[in-house]
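What follows is one structure encoded as C-alpha coordinates, with my remarks underneath.
Basis for what follows: all heavy atoms, side chains included, without hydrogens, waters or symmetry-related copies. Every chain is numbered from 1 and lettered A, B, ... according to where its sequence line falls, protein lines coming before strand lines.
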There are 2 protein chains.
Amino acid sequence: MDGHARRIPDATVARLPEYLRILVELAEQRIGTVSSERLAELAGVNAAKVRKDLSYLGTYGTRGVGYDVDYLLFQMRQALGVTQDWPVVVVGAGNLGRALANYAGFSDRGFPLAAVVDVDDAKVGTTVGEVAVRPMSDLAELVRANQPVIGVIATPGPVAQLVADQLVAAGVTAILNFAPALVSVPPNISLRKVDLALELQILSFYQSHRESGSASRSWA
Amino acid sequence: MDGHARRIPDATVARLPEYLRILVELAEQRIGTVSSERLAELAGVNAAKVRKDLSYLGTYGTRGVGYDVDYLLFQMRQALGVTQDWPVVVVGAGNLGRALANYAGFSDRGFPLAAVVDVDDAKVGTTVGEVAVRPMSDLAELVRANQPVIGVIATPGPVAQLVADQLVAAGVTAILNFAPALVSVPPNISLRKVDLALELQILSFYQSHRESGSASRSWA
DNA sequence: GACTGTGAAGTAGTTCACAGCT
DNA sequence: AGCTGTGAACTACTTCACAGTC
(Lines give C-alpha, C1' and ligand atoms only; values in the text may rest on other atoms or scores of the structure.)
Protein backbone atom coordinates (compact mmCIF):
# COMPACT_ATOMS: atom_id res chain seq x y z
CA MET A 1 0.00 0.00 0.00
CA ASP A 2 2.71 2.49 0.92
CA GLY A 3 5.12 0.91 -1.55
CA HIS A 4 7.68 2.75 -3.55
CA ALA A 5 5.95 3.67 -6.76
CA ARG A 6 9.11 3.16 -8.84
CA ARG A 7 8.31 1.40 -12.12
CA ILE A 8 9.72 -2.11 -12.00
CA PRO A 9 11.32 -3.34 -15.25
CA ASP A 10 9.73 -6.42 -16.82
CA ALA A 11 13.06 -8.24 -16.67
CA THR A 12 13.14 -7.70 -12.92
CA VAL A 13 9.52 -8.81 -12.46
CA ALA A 14 10.35 -12.06 -14.24
CA ARG A 15 13.08 -12.77 -11.68
CA LEU A 16 11.14 -11.94 -8.53
CA PRO A 17 9.38 -15.33 -8.29
CA GLU A 18 12.76 -17.03 -8.43
CA TYR A 19 13.97 -14.93 -5.50
CA LEU A 20 10.73 -15.75 -3.72
CA ARG A 21 11.30 -19.47 -4.14
CA ILE A 22 14.83 -19.13 -2.76
CA LEU A 23 13.73 -17.01 0.18
CA VAL A 24 11.12 -19.61 1.09
CA GLU A 25 13.83 -22.26 1.12
CA LEU A 26 16.17 -20.11 3.21
CA ALA A 27 13.39 -19.38 5.69
CA GLU A 28 12.64 -23.11 5.97
CA GLN A 29 16.30 -23.69 6.77
CA ARG A 30 16.03 -21.04 9.50
CA ILE A 31 18.62 -18.83 7.83
CA GLY A 32 18.09 -15.32 9.15
CA THR A 33 20.20 -13.19 6.85
CA VAL A 34 21.36 -13.42 3.26
CA SER A 35 23.78 -11.33 1.20
CA SER A 36 23.20 -10.30 -2.40
CA GLU A 37 26.20 -12.46 -3.25
CA ARG A 38 24.62 -15.58 -1.79
CA LEU A 39 21.18 -14.88 -3.25
CA ALA A 40 22.78 -14.35 -6.63
CA GLU A 41 24.55 -17.68 -6.40
CA LEU A 42 21.31 -19.47 -5.54
CA ALA A 43 19.41 -17.72 -8.33
CA GLY A 44 22.11 -18.17 -10.96
CA VAL A 45 22.58 -14.44 -11.61
CA ASN A 46 25.15 -11.90 -10.44
CA ALA A 47 25.10 -9.91 -7.23
CA ALA A 48 24.74 -6.48 -8.84
CA LYS A 49 21.58 -7.64 -10.56
CA VAL A 50 20.12 -8.94 -7.30
CA ARG A 51 20.82 -5.66 -5.54
CA LYS A 52 19.33 -3.60 -8.35
CA ASP A 53 16.29 -5.87 -8.58
CA LEU A 54 15.65 -5.70 -4.85
CA SER A 55 16.19 -1.96 -4.80
CA TYR A 56 13.11 -1.56 -7.01
CA LEU A 57 11.00 -3.04 -4.24
CA GLY A 58 12.39 -0.72 -1.60
CA THR A 59 15.38 -0.28 0.68
CA TYR A 60 15.16 -3.53 2.56
CA GLY A 61 18.83 -4.42 3.05
CA THR A 62 21.26 -3.41 5.75
CA ARG A 63 24.71 -2.25 4.65
CA GLY A 64 27.48 -4.34 6.08
CA VAL A 65 24.97 -7.09 6.93
CA GLY A 66 22.71 -8.18 4.09
CA TYR A 67 18.97 -8.82 3.86
CA ASP A 68 16.79 -10.17 6.64
CA VAL A 69 15.26 -13.28 5.10
CA ASP A 70 11.85 -13.12 6.76
CA TYR A 71 11.41 -9.43 6.15
CA LEU A 72 12.49 -9.66 2.52
CA LEU A 73 10.23 -12.68 2.05
CA PHE A 74 7.30 -10.70 3.39
CA GLN A 75 8.05 -7.75 1.12
CA MET A 76 8.54 -10.03 -1.86
CA ARG A 77 5.17 -11.68 -1.32
CA GLN A 78 3.66 -8.25 -0.98
CA ALA A 79 5.25 -7.04 -4.20
CA LEU A 80 4.16 -10.12 -6.12
CA GLY A 81 0.65 -9.97 -4.75
CA VAL A 82 0.82 -13.51 -3.46
CA THR A 83 -0.20 -12.80 0.13
CA GLN A 84 -3.53 -14.48 -0.60
CA ASP A 85 -4.23 -17.53 -2.72
CA TRP A 86 -5.21 -17.11 -6.36
CA PRO A 87 -7.62 -19.82 -7.45
CA VAL A 88 -7.02 -21.25 -10.91
CA VAL A 89 -9.62 -22.34 -13.44
CA VAL A 90 -8.31 -24.71 -16.09
CA VAL A 91 -10.11 -24.77 -19.44
CA GLY A 92 -9.60 -28.04 -21.29
CA ALA A 93 -9.60 -31.48 -19.70
CA GLY A 94 -7.32 -33.15 -22.24
CA ASN A 95 -3.92 -34.51 -21.34
CA LEU A 96 -2.38 -31.18 -20.64
CA GLY A 97 -5.35 -29.80 -18.74
CA ARG A 98 -5.59 -32.90 -16.56
CA ALA A 99 -1.87 -32.76 -15.90
CA LEU A 100 -1.96 -29.13 -14.88
CA ALA A 101 -4.98 -29.80 -12.69
CA ASN A 102 -3.15 -32.63 -10.95
CA TYR A 103 0.12 -30.79 -10.64
CA ALA A 104 0.64 -30.25 -6.94
CA GLY A 105 3.17 -27.49 -7.59
CA PHE A 106 0.31 -25.09 -8.22
CA SER A 107 -1.65 -25.50 -4.99
CA ASP A 108 1.57 -25.74 -3.00
CA ARG A 109 2.63 -22.34 -4.16
CA GLY A 110 -0.61 -20.52 -3.61
CA PHE A 111 -2.61 -21.32 -6.72
CA PRO A 112 -5.30 -23.83 -5.69
CA LEU A 113 -7.35 -25.49 -8.41
CA ALA A 114 -10.85 -24.02 -8.34
CA ALA A 115 -12.29 -25.86 -11.32
CA VAL A 116 -11.73 -27.61 -14.62
CA VAL A 117 -14.13 -26.95 -17.49
CA ASP A 118 -14.41 -28.53 -20.92
CA VAL A 119 -16.69 -28.24 -23.95
CA ASP A 120 -16.80 -32.01 -24.41
CA ASP A 121 -19.89 -33.47 -22.71
CA ALA A 122 -18.16 -36.84 -22.54
CA LYS A 123 -15.56 -35.34 -20.21
CA VAL A 124 -17.98 -33.32 -18.11
CA GLY A 125 -18.60 -35.09 -14.82
CA THR A 126 -15.37 -37.08 -14.87
CA THR A 127 -13.03 -36.26 -12.00
CA VAL A 128 -9.66 -34.68 -12.40
CA GLY A 129 -7.34 -33.65 -9.57
CA GLU A 130 -9.90 -33.40 -6.75
CA VAL A 131 -12.57 -31.66 -8.82
CA ALA A 132 -15.28 -32.70 -11.27
CA VAL A 133 -15.06 -31.41 -14.83
CA ARG A 134 -17.77 -28.84 -15.45
CA PRO A 135 -19.35 -27.62 -18.70
CA MET A 136 -18.24 -24.34 -20.27
CA SER A 137 -21.62 -22.89 -19.43
CA ASP A 138 -20.65 -22.95 -15.75
CA LEU A 139 -17.61 -20.77 -16.38
CA ALA A 140 -19.07 -17.37 -15.52
CA GLU A 141 -20.61 -18.76 -12.33
CA LEU A 142 -17.34 -20.44 -11.30
CA VAL A 143 -15.37 -17.26 -11.89
CA ARG A 144 -17.84 -15.17 -9.94
CA ALA A 145 -17.71 -17.58 -7.01
CA ASN A 146 -13.90 -17.62 -6.79
CA GLN A 147 -12.79 -14.14 -7.85
CA PRO A 148 -9.98 -13.15 -8.42
CA VAL A 149 -9.25 -16.10 -10.66
CA ILE A 150 -6.43 -16.96 -13.03
CA GLY A 151 -7.63 -18.68 -16.20
CA VAL A 152 -5.44 -21.39 -17.71
CA ILE A 153 -5.99 -22.28 -21.37
CA ALA A 154 -5.12 -25.93 -21.97
CA THR A 155 -7.01 -26.48 -25.22
CA PRO A 156 -5.89 -27.13 -28.79
CA GLY A 157 -4.55 -24.03 -30.57
CA PRO A 158 -7.51 -23.36 -32.85
CA VAL A 159 -9.96 -22.67 -30.02
CA ALA A 160 -7.58 -20.72 -27.77
CA GLN A 161 -8.79 -17.28 -28.85
CA LEU A 162 -12.41 -18.31 -28.37
CA VAL A 163 -11.65 -19.59 -24.90
CA ALA A 164 -9.74 -16.44 -24.03
CA ASP A 165 -12.73 -14.35 -25.08
CA GLN A 166 -15.01 -16.45 -22.88
CA LEU A 167 -12.64 -16.15 -19.93
CA VAL A 168 -12.53 -12.39 -20.30
CA ALA A 169 -16.30 -12.23 -20.66
CA ALA A 170 -16.60 -14.30 -17.48
CA GLY A 171 -14.51 -11.74 -15.60
CA VAL A 172 -11.08 -13.34 -15.56
CA THR A 173 -8.32 -10.72 -15.62
CA ALA A 174 -5.23 -12.93 -15.77
CA ILE A 175 -4.68 -15.70 -18.30
CA LEU A 176 -1.93 -18.26 -18.77
CA ASN A 177 -2.06 -19.74 -22.27
CA PHE A 178 -0.59 -23.19 -22.93
CA ALA A 179 -2.17 -23.52 -26.37
CA PRO A 180 0.18 -23.09 -29.33
CA ALA A 181 -1.60 -20.07 -30.74
CA LEU A 182 -1.53 -16.30 -30.50
CA VAL A 183 -4.22 -14.99 -28.21
CA SER A 184 -5.08 -11.36 -27.83
CA VAL A 185 -6.97 -9.78 -24.97
CA PRO A 186 -8.01 -6.27 -23.99
CA PRO A 187 -5.34 -4.14 -22.32
CA ASN A 188 -5.42 -4.47 -18.51
CA ILE A 189 -6.00 -8.21 -18.84
CA SER A 190 -2.66 -9.87 -18.03
CA LEU A 191 -1.60 -12.59 -20.39
CA ARG A 192 1.36 -14.92 -20.52
CA LYS A 193 2.13 -17.80 -22.79
CA VAL A 194 3.93 -21.09 -22.26
CA ASP A 195 4.50 -23.19 -25.36
CA LEU A 196 6.24 -26.43 -24.58
CA ALA A 197 7.18 -27.38 -28.14
CA LEU A 198 8.56 -23.90 -28.63
CA GLU A 199 11.00 -24.42 -25.77
CA LEU A 200 12.20 -27.65 -27.36
CA GLN A 201 12.72 -25.86 -30.66
CA ILE A 202 14.83 -23.19 -28.97
CA LEU A 203 16.96 -25.96 -27.48
CA SER A 204 17.21 -27.49 -30.92
CA PHE A 205 18.51 -24.20 -32.30
CA TYR A 206 21.27 -23.90 -29.74
CA GLN A 207 22.25 -27.52 -30.21
CA SER A 208 22.45 -27.09 -33.97
CA HIS A 209 24.60 -24.01 -33.56
CA ARG A 210 26.78 -25.07 -30.70
CA GLU A 211 30.26 -24.40 -31.97
CA SER A 212 31.35 -21.59 -29.77
CA GLY A 213 30.28 -20.04 -26.49
CA SER A 214 26.77 -19.00 -25.76
CA ALA A 215 24.89 -22.20 -26.56
CA SER A 216 23.47 -22.48 -23.08
CA ARG A 217 21.91 -19.59 -21.33
CA SER A 218 23.36 -20.37 -17.91
CA TRP A 219 20.26 -19.40 -16.01
CA ALA A 220 17.70 -21.99 -15.08
CA MET B 1 25.45 -25.77 -44.32
CA ASP B 2 26.16 -22.64 -46.34
CA GLY B 3 24.39 -20.49 -43.80
CA HIS B 4 25.17 -16.91 -42.97
CA ALA B 5 27.41 -17.04 -39.97
CA ARG B 6 25.90 -13.88 -38.47
CA ARG B 7 25.41 -14.24 -34.72
CA ILE B 8 21.68 -14.43 -34.00
CA PRO B 9 20.53 -12.54 -30.89
CA ASP B 10 18.90 -14.63 -28.15
CA ALA B 11 15.77 -12.51 -28.37
CA THR B 12 15.46 -13.37 -32.05
CA VAL B 13 16.08 -17.08 -31.47
CA ALA B 14 13.23 -17.10 -28.97
CA ARG B 15 10.86 -15.79 -31.64
CA LEU B 16 11.86 -18.12 -34.48
CA PRO B 17 9.69 -21.05 -33.33
CA GLU B 18 6.68 -18.74 -33.33
CA TYR B 19 7.38 -17.76 -36.93
CA LEU B 20 7.82 -21.44 -37.73
CA ARG B 21 4.42 -22.29 -36.33
CA ILE B 22 2.81 -19.51 -38.35
CA LEU B 23 4.60 -20.53 -41.55
CA VAL B 24 3.37 -24.10 -41.11
CA GLU B 25 -0.18 -22.79 -40.82
CA LEU B 26 0.20 -20.56 -43.87
CA ALA B 27 1.63 -23.43 -45.89
CA GLU B 28 -1.31 -25.63 -44.85
CA GLN B 29 -3.65 -22.93 -46.12
CA ARG B 30 -1.75 -22.96 -49.45
CA ILE B 31 -0.72 -19.34 -49.04
CA GLY B 32 2.31 -18.81 -51.25
CA THR B 33 3.64 -15.43 -50.16
CA VAL B 34 3.59 -13.43 -46.95
CA SER B 35 4.69 -9.89 -46.13
CA SER B 36 6.55 -8.88 -42.98
CA GLU B 37 3.47 -6.87 -42.09
CA ARG B 38 1.19 -9.91 -42.20
CA LEU B 39 3.66 -12.16 -40.42
CA ALA B 40 4.04 -9.53 -37.74
CA GLU B 41 0.29 -9.39 -37.24
CA LEU B 42 0.08 -13.16 -36.89
CA ALA B 43 3.00 -13.27 -34.47
CA GLY B 44 1.87 -10.31 -32.39
CA VAL B 45 5.00 -8.23 -32.99
CA ASN B 46 5.81 -5.36 -35.35
CA ALA B 47 6.94 -5.60 -38.94
CA ALA B 48 10.39 -4.08 -38.44
CA LYS B 49 11.17 -6.75 -35.88
CA VAL B 50 10.08 -9.52 -38.23
CA ARG B 51 12.28 -8.17 -41.02
CA LYS B 52 15.28 -7.78 -38.75
CA ASP B 53 14.76 -11.25 -37.26
CA LEU B 54 14.48 -12.88 -40.67
CA SER B 55 17.48 -10.96 -41.98
CA TYR B 56 19.67 -12.79 -39.45
CA LEU B 57 18.83 -16.05 -41.20
CA GLY B 58 19.67 -14.75 -44.65
CA THR B 59 18.23 -12.67 -47.46
CA TYR B 60 15.15 -14.72 -48.18
CA GLY B 61 12.59 -12.03 -49.04
CA THR B 62 11.85 -10.36 -52.35
CA ARG B 63 11.49 -6.57 -52.32
CA GLY B 64 8.15 -5.42 -53.53
CA VAL B 65 6.71 -8.91 -53.00
CA GLY B 66 7.35 -10.44 -49.58
CA TYR B 67 8.56 -13.87 -48.48
CA ASP B 68 7.87 -17.15 -50.24
CA VAL B 69 6.16 -19.23 -47.56
CA ASP B 70 7.56 -22.64 -48.52
CA TYR B 71 11.08 -21.39 -49.02
CA LEU B 72 11.09 -19.43 -45.76
CA LEU B 73 9.59 -22.44 -43.97
CA PHE B 74 12.40 -24.61 -45.27
CA GLN B 75 15.05 -22.10 -44.20
CA MET B 76 13.42 -21.66 -40.81
CA ARG B 77 13.45 -25.40 -40.15
CA GLN B 78 17.06 -25.48 -41.26
CA ALA B 79 17.99 -22.61 -38.92
CA LEU B 80 16.19 -24.19 -35.97
CA GLY B 81 17.70 -27.59 -36.64
CA VAL B 82 14.28 -29.24 -36.77
CA THR B 83 14.68 -30.95 -40.14
CA GLN B 84 14.92 -34.27 -38.33
CA ASP B 85 13.01 -35.41 -35.26
CA TRP B 86 14.53 -34.98 -31.82
CA PRO B 87 13.52 -37.80 -29.50
CA VAL B 88 12.66 -36.78 -25.95
CA VAL B 89 13.41 -38.70 -22.75
CA VAL B 90 11.26 -37.67 -19.81
CA VAL B 91 12.68 -38.21 -16.32
CA GLY B 92 9.97 -38.49 -13.69
CA ALA B 93 6.68 -40.33 -14.11
CA GLY B 94 4.67 -38.24 -11.66
CA ASN B 95 1.73 -36.12 -12.74
CA LEU B 96 3.78 -33.69 -14.72
CA GLY B 97 5.98 -36.31 -16.34
CA ARG B 98 3.00 -38.40 -17.38
CA ALA B 99 1.27 -35.35 -18.75
CA LEU B 100 4.26 -34.30 -20.79
CA ALA B 101 4.66 -37.85 -22.05
CA ASN B 102 1.04 -37.91 -23.16
CA TYR B 103 1.07 -34.44 -24.63
CA ALA B 104 0.57 -34.93 -28.35
CA GLY B 105 1.91 -31.45 -29.09
CA PHE B 106 5.43 -32.81 -28.69
CA SER B 107 5.37 -35.64 -31.20
CA ASP B 108 3.28 -33.57 -33.59
CA ARG B 109 5.94 -30.94 -33.74
CA GLY B 110 8.93 -33.19 -34.22
CA PHE B 111 9.76 -34.28 -30.68
CA PRO B 112 8.63 -37.92 -30.35
CA LEU B 113 8.68 -39.50 -26.91
CA ALA B 114 11.55 -41.98 -26.76
CA ALA B 115 11.19 -43.03 -23.15
CA VAL B 116 10.04 -42.23 -19.64
CA VAL B 117 12.26 -43.17 -16.71
CA ASP B 118 11.69 -42.97 -12.96
CA VAL B 119 13.56 -43.90 -9.77
CA ASP B 120 10.44 -45.34 -8.18
CA ASP B 121 10.28 -49.11 -8.71
CA ALA B 122 6.53 -49.00 -8.18
CA LYS B 123 6.20 -46.85 -11.30
CA VAL B 124 8.66 -48.82 -13.42
CA GLY B 125 6.79 -51.05 -15.83
CA THR B 126 3.57 -49.03 -15.80
CA THR B 127 2.67 -47.57 -19.17
CA VAL B 128 2.56 -43.91 -19.92
CA GLY B 129 1.82 -42.38 -23.33
CA GLU B 130 2.69 -45.36 -25.53
CA VAL B 131 5.84 -46.34 -23.63
CA ALA B 132 6.64 -48.35 -20.52
CA VAL B 133 8.33 -46.54 -17.62
CA ARG B 134 11.93 -47.70 -17.31
CA PRO B 135 14.33 -47.58 -14.35
CA MET B 136 16.96 -44.85 -14.12
CA SER B 137 19.63 -47.46 -14.71
CA ASP B 138 18.41 -47.78 -18.31
CA LEU B 139 19.03 -44.08 -18.97
CA ALA B 140 22.48 -44.29 -20.54
CA GLU B 141 21.38 -47.12 -22.79
CA LEU B 142 18.22 -45.27 -23.87
CA VAL B 143 20.16 -42.14 -24.66
CA ARG B 144 22.76 -44.05 -26.66
CA ALA B 145 20.04 -45.77 -28.68
CA ASN B 146 18.21 -42.54 -29.58
CA GLN B 147 20.92 -39.89 -29.89
CA PRO B 148 20.57 -36.92 -30.22
CA VAL B 149 18.11 -36.77 -27.34
CA ILE B 150 16.51 -33.94 -25.40
CA GLY B 151 16.17 -34.67 -21.70
CA VAL B 152 13.11 -33.38 -19.87
CA ILE B 153 13.29 -33.08 -16.08
CA ALA B 154 9.84 -33.57 -14.55
CA THR B 155 10.85 -34.43 -11.01
CA PRO B 156 10.46 -32.61 -7.68
CA GLY B 157 12.86 -29.68 -7.24
CA PRO B 158 15.25 -31.27 -4.75
CA VAL B 159 16.44 -33.99 -7.13
CA ALA B 160 16.59 -31.86 -10.28
CA GLN B 161 20.34 -31.23 -10.11
CA LEU B 162 21.05 -34.90 -9.54
CA VAL B 163 18.92 -35.85 -12.53
CA ALA B 164 20.59 -33.20 -14.68
CA ASP B 165 23.98 -34.65 -13.77
CA GLN B 166 22.79 -38.12 -14.73
CA LEU B 167 21.40 -36.87 -18.03
CA VAL B 168 24.67 -35.18 -18.87
CA ALA B 169 26.64 -38.27 -17.86
CA ALA B 170 24.37 -40.32 -20.12
CA GLY B 171 25.27 -38.09 -23.06
CA VAL B 172 22.27 -35.75 -23.27
CA THR B 173 23.28 -32.32 -24.55
CA ALA B 174 19.96 -30.46 -24.33
CA ILE B 175 17.78 -30.29 -21.22
CA LEU B 176 14.39 -28.78 -20.51
CA ASN B 177 13.85 -28.38 -16.78
CA PHE B 178 10.31 -28.28 -15.36
CA ALA B 179 11.41 -28.73 -11.76
CA PRO B 180 11.25 -25.61 -9.59
CA ALA B 181 14.97 -25.51 -8.86
CA LEU B 182 18.15 -24.05 -10.26
CA VAL B 183 20.09 -26.56 -12.28
CA SER B 184 23.57 -26.00 -13.58
CA VAL B 185 25.25 -27.89 -16.38
CA PRO B 186 28.59 -27.71 -18.18
CA PRO B 187 28.88 -25.08 -20.91
CA ASN B 188 27.90 -26.45 -24.33
CA ILE B 189 25.00 -28.31 -22.78
CA SER B 190 21.86 -26.33 -23.65
CA LEU B 191 19.47 -25.77 -20.81
CA ARG B 192 16.11 -24.09 -20.55
CA LYS B 193 13.69 -23.83 -17.70
CA VAL B 194 9.91 -23.75 -17.50
CA ASP B 195 8.42 -23.11 -14.08
CA LEU B 196 4.65 -23.14 -14.13
CA ALA B 197 4.08 -21.61 -10.72
CA LEU B 198 6.55 -18.88 -11.59
CA GLU B 199 4.43 -17.86 -14.56
CA LEU B 200 1.39 -17.60 -12.33
CA GLN B 201 3.33 -15.43 -9.89
CA ILE B 202 4.33 -13.08 -12.69
CA LEU B 203 0.66 -12.79 -13.64
CA SER B 204 -0.12 -12.12 -10.01
CA PHE B 205 2.39 -9.26 -9.99
CA TYR B 206 0.88 -7.54 -13.00
CA GLN B 207 -2.62 -7.99 -11.62
CA SER B 208 -1.63 -6.49 -8.29
CA HIS B 209 -0.03 -3.53 -10.05
CA ARG B 210 -2.50 -2.96 -12.81
CA GLU B 211 -3.30 0.69 -12.52
CA SER B 212 -1.72 2.05 -15.65
CA GLY B 213 -0.56 0.66 -18.95
CA SER B 214 1.82 -2.18 -19.35
CA ALA B 215 0.17 -4.85 -17.23
CA SER B 216 -0.05 -7.29 -20.07
CA ARG B 217 2.87 -7.99 -22.28
CA SER B 218 0.94 -8.11 -25.52
CA TRP B 219 2.84 -11.00 -26.99
CA ALA B 220 1.48 -14.50 -26.48
C1' DG C 1 35.66 -4.52 7.09
C1' DA C 2 31.50 -5.90 5.05
C1' DC C 3 27.83 -5.23 2.24
C1' DT C 4 24.07 -2.34 0.24
C1' DG C 5 22.20 1.12 -2.99
C1' DT C 6 22.81 3.54 -7.10
C1' DG C 7 24.67 6.83 -10.62
C1' DA C 8 27.38 6.07 -14.73
C1' DA C 9 29.13 3.18 -18.42
C1' DG C 10 28.43 -0.53 -21.28
C1' DT C 11 25.64 -3.92 -23.96
C1' DA C 12 21.56 -5.88 -26.05
C1' DG C 13 17.28 -5.31 -28.21
C1' DT C 14 13.79 -2.46 -30.62
C1' DT C 15 12.03 0.82 -33.72
C1' DC C 16 12.61 4.30 -37.20
C1' DA C 17 13.20 5.75 -41.62
C1' DC C 18 14.78 5.25 -46.01
C1' DA C 19 17.78 3.45 -49.75
C1' DG C 20 17.46 -0.20 -52.97
C1' DC C 21 15.38 -3.85 -55.56
C1' DT C 22 11.30 -5.91 -58.28
C1' DA D 1 4.12 1.39 -56.15
C1' DG D 2 5.24 -2.02 -52.89
C1' DC D 3 7.96 -4.26 -49.70
C1' DT D 4 12.54 -5.83 -48.04
C1' DG D 5 17.01 -5.09 -45.70
C1' DT D 6 19.62 -2.34 -42.70
C1' DG D 7 22.34 1.62 -40.73
C1' DA D 8 21.17 4.97 -37.21
C1' DA D 9 18.58 6.49 -33.21
C1' DC D 10 16.46 5.06 -29.34
C1' DT D 11 15.07 2.33 -25.29
C1' DA D 12 15.72 -1.34 -21.99
C1' DC D 13 18.65 -4.00 -19.37
C1' DT D 14 23.05 -5.28 -17.23
C1' DT D 15 27.30 -4.56 -15.09
C1' DC D 16 30.73 -1.69 -12.96
C1' DA D 17 32.55 0.76 -9.41
C1' DC D 18 32.26 3.28 -5.44
C1' DA D 19 30.07 6.39 -1.94
C1' DG D 20 27.37 5.56 2.04
C1' DT D 21 26.04 2.97 6.17
C1' DC D 22 26.39 -0.32 9.75
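Between the C1' atom of D/dC3 and the OH atom of B/Y67 lies a distance of 9 Å, rounded to the nearest Å. We find that NZ of B/K49 is positioned 12 Å from C1' of D/dT11, with the value rounded to whole Å. The CG atom of B/D53 sits 13 Å away from the C1' atom of D/dG5 (whole-angstrom rounding). Between the C1' atom of D/dT14 and the CG atom of A/L54 lies a distance of 15 Å, rounded to the nearest Å. One atom, NZ of A/K52, and another, P of D/dC13, lie 12 Å apart when rounded to the nearest Å.
Nucleotides of DNA chain C with any atom under 4.0 Å from a heavy atom of chain B span, from 5' to 3', C/dG13 to C/dT22.
Identified under the ring-ring contact (aromatic ring centres under 6.0 Å, His included) test for residues 185-205 of chain B, with sequence neighbours left out: B/F205-B/H209. Note on residues 25-35 of chain B: pairs passing side-chain hydrogen bond (donor to acceptor under 3.5 Å, both in side chains), not counting sequence neighbours, are B/R21-B/E25. Among residues at least two apart or in separate chains, side-chain hydrogen bond (donor to acceptor under 3.5 Å, both in side chains) pairs with a member in residues 103-115 of chain B are A/D195-B/R109.
When the nearest nucleotides of DNA chain D are assigned to A/N46 and B/A48 by heavy-atom distance, the more 5′-ward of the two goes with B/A48. Each of A/P9 and A/T62 was matched to the nucleotide of DNA chain D holding its nearest heavy atom; the match closer to the 5' end belongs to A/P9.
Side chain to side chain, A/Y206 and B/D10 meet the donor-acceptor criterion of an N or O pair below 3.5 Å.
A donor-acceptor contact under 3.5 angstrom links the side-chain atoms of B/R63 to the base of D/dT4.
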Could you pull out every donor-acceptor pair under 3.5 Å between side chains of residues 157-173 of chain A and any protein atom, sequence neighbours left out?
{"from": "A/Q161", "atom 1": "OE1", "to": "A/S184", "atom 2": "N", "distance (Å)": "2.8"}
{"from": "A/Q161", "atom 1": "NE2", "to": "A/D165", "atom 2": "OD1", "distance (Å)": "2.8"}
{"from": "A/Q161", "atom 1": "NE2", "to": "A/S184", "atom 2": "O", "distance (Å)": "3.0"}
{"from": "A/T173", "atom 1": "OG1", "to": "B/Q207", "atom 2": "OE1", "distance (Å)": "2.7"}

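When heavy atoms are screened at a 4.0 angstrom cut-off, A/R15 is found touching the sugar-phosphate backbone but no base atom.
For B/A99, the side chain to side chain contact (heavy atoms under 4.5 Å, CB included) partners at least two apart in sequence or on another chain are A/A99.
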